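Order of the sequence lines fixes the chain letters, A, B, ..., with proteins taken first and strands second; residue numbering starts at 1 for each chain. On a predicted model such as this, the values are computed, not experimentally measured, just so you know.
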Amino acid sequence: MANNEDIFKKIISHAKEYGFVFPSSEIYDGLSAVYDYGQYGVELKNNIKNYWWRAMVQYHENIVGIDSAIFMHPTIWKASGHVDAFSDPMIDNKDSKKRYRADVLVEDYAAKIEDKINKEVEKAAKRFGESFDEAQFRATNQRVVEYQAKITDALARLNKNLTDNDLAAVKQLIEDLEIVCPVSGTKNWTEVRQFNLMFNTQMGSLSEDTNTIYLRPETAQGIFVNFLNVQKTGRMKIPFGIAQIGKAFRNEIVARQFIFRMREFEQMEMQFFVRPGTELDWFEKWKAERLAWHHSLGLGPENYRFHPHDKLAHYANAACDIEFKFPFGFKELEGIHSRTDFDLSAHQQFSGKKLQYFDPELNESYVPYVIETSIGLDRTFLAILSSAYTEEKLEDGSERVVLRIPPVLAPIKAAILPLIKKDGLPEKAREIMDALKFDYLCQYDEKDAIGRRYRRQDAIGTPYCITVDHQTLEDNTVTIRERDSMLQERVSIDAVSEIIRKKIAVKL
RNA sequence: GCGGAAGUAGCUCAUUUGGUAGAGCGAUAGCCUUCCAAGCUAUAGGUGGCGGGUUCGAGACCCGUCUUCCGCUCCA
């Protein structure tokens, strides 16, 4: 375990040293849980996006993409349930140092009293035998009525306080109910504080005239609110999908593990609209298809597994994660959810617009059901980076660090290297560079010994090194060195472009 | 937010009880070299996280503060 932690640290510092990922605002001491992508990081990231986009949009005739704005009408987040689900009143017990959701404490209190009522009912039922009338007992037994009143009163106050957003009153309620910390047993509570998991900002430059706007915590809603636009203008027929890649923002309470959990992150999502009743079939189909996509990257199938959700989110009737074996263990990489018609129905209700599809086969209209595939771009980046990072001991006893990034995703596809910096070799190498740079991203390097330059390219995951030597000047051939095997092959300059192009092609 | 650890050059680290900051690697320029790190020369790079205190003198001691890392709380 300590070893894995060690490797993870090395990966993080390698990512920084070689221009993949920098801590945000570093010269100002950093900004917690925010990272910037450097010159190679942005290439890798773009390549991942492109690989996903092609697999989803280009290879499926019935999936199209959009790019919706990050700012959206605030009511969207009420409809989606995020305004409620993302703002929790929290309270800490000063003695046990434990943190609780204030509303849950009150609800637990109510549940305890509910237990007492049930015990009273059970006792009475035993006492009265067959003639027991439970409803009458509940309505008339003095103790039960008192208990019930306490519950009703507590929950009513809680509800009112939360609606009014009156946190002081919530604390007062907890004190009035004499709720104690389950761990320390004391009533030594802090103030109730609101934890807003959504970021917000103001739209409208006049301060008295502003609206609170949320930074989206997921990209999906931008797809749902454009469902009709895309379906009608694209003449889409169910089943069909809408894909989107974009930033999302979550005010995580703690954010750790490098780019695995960031406050600002990027998702690659696809919402697939299906006929009600068929959603679980499509759920299974997309699970299989998405897993196949991951496997196609060649990081090793043993590094992936499904993790079915026991506890479903408020919008789902089935959910499953694809987990990847990161250096810190198996963690979620992609989520596949059967979101039912929750979102479209909610938006239909809140907007007053009919969000339905007329199905000519059934000759009826319905709100489509939705299967969502949502993959974390930054997590995919980390999965690739951490599985690519390799420290090797070579036969001659030397060591090298190599990033075995799948060639299709590698930031730099080829390096063009004159063997030595004289005898006209640099000029020849430049010619090749100038021709190849229109095909894919290349790098020219003439500084230092050839071996050192190979290692530099290994460290950033460049799959191919093209070396110009004296023989090149005689017969127009160069050597191509393959990163992982370090083997070289001599080929004609004219053939180089096509050889490498084939090796970096998308294959699914 | 709580507890623990740490902040010295781009990176890894040194600086023996307080005496005006150093190495290796890396970088840059050049030399040498016809194929896999560690050949030669030169150069650049640090207000020692920040602020205050003790002292003739603080990177070292004290206090505060910020940031990062590890653990806990949360994760729709």
Side-chain angles (χ1 to χ4, degrees), chain A residues 2 5 8-10 12-14 16-19 22-33 77 80-88 90-101 104 181 183 190-191 193 195 197-198 217-218 220 248 250-258 260-261 263 309 311-316 319 328 331-332 335 337 339 342 374 392-402 417-423 425 447-459 465-474 478-483 485-488 490:
Chain A
E5 214 171 87
F8 188 43
K9 278 185 181 159
K10 282 185 181 170
I12 293 169
S13 64
H14 189 90
K16 188 189 160 193
E17 278 305 295
Y18 288 91
F22 305 126
S24 165
S25 316
E26 205 186 3
I27 62 170
Y28 289 102
D29 283 332
L31 187 63
S32 181
W77 303 111
S80 70
H82 285 87
V83 170
D84 295 329
F86 268 57
S87 57
D88 298 331
M90 307 294 281
I91 190 167
D92 295 4
N93 183 272
K94 291 177 187 168
D95 297 314
S96 66
K97 309 289 184 198
K98 292 289 176 191
R99 173 171 294 162
Y100 303 93
R101 276 178 53 176
V104 171
C181 169
V183 176
T190 63
E191 295 305 307
R193 285 166 298 180
F195 280 68
L197 268 28
M198 278 196 290
E218 63 173 23
R250 294 180 194 180
N251 216 345
E252 306 281 359
I253 293 174
V254 285
R256 290 262 174 82
Q257 284 163 328
F258 196 39
F260 184 81
R261 178 172 296 163
R263 297 211 157 94
H309 282 212
K311 216 179 102 188
L312 295 174
H314 59 277
Y315 50 71
F328 41 86
K331 296 280 179 186
E332 177 185 358
H337 292 246
R339 294 182 75 129
F342 175 87
S374 174
E392 277 185 349
K393 193 134 202 164
L394 303 180
E395 281 175 13
D396 62 0
S398 66
E399 290 176 14
R400 72 163 183 163
V401 174
V402 53
L417 315 169
L419 185 59
I420 57 172
K421 203 169 48 172
K422 61 178 185 185
D423 302 341
L425 266 42
K447 174 70 182 168
D448 294 319
I450 188 71
R452 189 193 290 258
R453 280 178 277 164
Y454 286 146
R455 298 302 169 88
R456 269 207 289 266
Q457 295 300 329
D458 290 341
C465 288
I466 297 157
T467 305
V468 173
D469 57 15
H470 290 94
Q471 191 181 330
T472 307
L473 301 180
E474 291 160 20
V478 292
T479 59
I480 296 185
R481 169 191 182 267
E482 198 275 326
R483 177 193 65 202
S485 64
M486 297 169 58
L487 294 176
Q488 286 178 293
R490 184 167 282 276

Inset, instruction - Given salt bridge (charged side-chain N to carboxylate O under 4.0 Å, His left out), test A/D469 with A/R490 step by step and report yes or no. - result: CA-CA 11 Å; A/D469 57 15; A/R490 184 167 282 276; 2.4 Å; yes
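Listed pair A/K16 / B/C11 meets the phosphate criterion, a side-chain N or O lying under 4.0 Å from OP1 or OP2. For B/U33, one of the phosphate oxygens OP1 or OP2 lies less than 4.0 angstrom from a side-chain nitrogen or oxygen of A/K422. Under 4.0 angstrom from either OP1 or OP2 of B/A27 there lies at least one side-chain N or O belonging to A/R456. In this model, the phosphate group of B/A37 is approached by a side-chain N or O of A/R455 to a distance below 4.0 Å at OP1 or OP2. Checking the phosphate oxygens (OP1, OP2) of B/G26, a side-chain nitrogen or oxygen of A/R452 falls inside 4.0 Å.
Between A/D448 atom CG and B/U34 atom P there is a gap of 16 Å when expressed in whole angstrom units. Note: CD (A/E17) to P (B/U12) measures 7 Å, nearest angstrom. Counting to the nearest Å, the P atom of B/U33 and the CG atom of A/L425 are 14 Å from each other. The CD1 atom of A/I466 sits 18 Å away from the C1' atom of B/U34 (whole-angstrom rounding). In this structure, A/L417 places its CG atom 17 Å from P of B/U34, rounding to the nearest Å. For the pair A/D423 CG and B/C32 C1', the interatomic distance rounds to 13 Å; values are reported in whole Å. The distance from atom CZ of A/F260 to atom P of B/C75 is 15 Å, rounded to the nearest whole Å. Rounded to whole angstrom, the span from the NZ atom of A/K10 across to the P atom of B/C11 amounts to 17 Å.
To the nearest whole angstrom, the two P atoms, one in B/A9 and one in B/A5, are 23 Å apart. B/A27 and B/G22: their P atoms are spaced 24 Å apart (whole Å). B/C61 sits 25 Å from B/C2 when the P atoms are compared, rounded to a whole Å. One P atom belongs to B/A21, the other to B/U16, and the distance between them is 13 Å to the nearest Å. Rounded to a whole angstrom, the distance from the C1' atom of B/U47 to that of B/G59 is 12 Å. B/G64 and B/U54 have their C1' atoms separated by 15 Å, with the value rounded to a whole Å. Remark: the separation of the P atoms in B/C69 and B/A29 is 34 Å, to the nearest Å. Of the P atoms belonging to B/U41 and B/A23, the separation is 14 Å, rounded to the nearest Å.
Looking at heavy atoms from C-beta onward, A/R250 lies in side-chain contact with A/E218 at the 4.5 angstrom threshold. In this structure, the side chains of A/Q488 and A/I480 stay at 4.5 Å or more apart for every pair of heavy atoms. Looking only at side-chain heavy atoms (C-beta outward), A/L473 and A/L425 come within less than 4.5 Å of each other. Within the 4.5 Å cutoff, the side chain of A/R481 has no heavy atoms near those of the A/T467 side chain.
Looking at which nucleotide of RNA chain B each of A/L487 and A/K421 is closest to, the 5′-most match is held by A/K421. In terms of position along RNA chain B, the nucleotide closest to A/D469 lies nearer the 5' end than the nucleotide closest to the other residue of the pair A/E218 and A/D469.
When both distances must be under 3.5 Å, the Watson-Crick or G-U wobble mate of B/C2 is B/G71. Of all nucleotides present, only B/A42 satisfies the Watson-Crick or G-U wobble test against B/U28, with each distance under 3.5 Å. With a cut-off of 3.5 Å on both pairing distances, the Watson-Crick or G-U wobble partner of B/G64 is B/C50. Using Watson-Crick or G-U wobble geometry with both donor-acceptor distances under 3.5 Å, B/U17 finds no partner in any strand shown. Under the Watson-Crick or G-U wobble criterion, with both distances below 3.5 Å, B/C36 is left unpaired in every strand shown.
Looking at the side chain of A/K9, the nearest of the listed nucleotides B/U34, B/C69, B/C35 is B/C69. Closest contact between the side chain of A/Q488 and the listed nucleotides B/C35, B/U34, B/G30 involves B/C35. Here the side chain of A/L419 is nearest to one of B/A76, B/U34, B/G30, namely B/U34.
Between the side chain of A/R261 and the base of B/C75 there is at least one donor-acceptor pair of N/O atoms closer than 3.5 Å.
A/Q471 comes within contact range of no nucleotide atom at all, as no heavy-atom separation falls under 4.0 Å. Using a 4.0 Å heavy-atom criterion, one finds that A/S13 contacts no nucleic acid atom at all.
Salt bridge status for A/E392 with A/R483: absent, with no side-chain N to carboxylate O gap under 4.0 Å. Look at A/R453 and A/D458 and you find no salt bridge, because none of the NZ, NE, NH1 or NH2 atoms lies under 4.0 Å from a carboxylate O.
Taking CZ from A/R263 and OG from A/S24, the interatomic distance works out to 11.0 Å, rounded to the nearest 0.5 Å.
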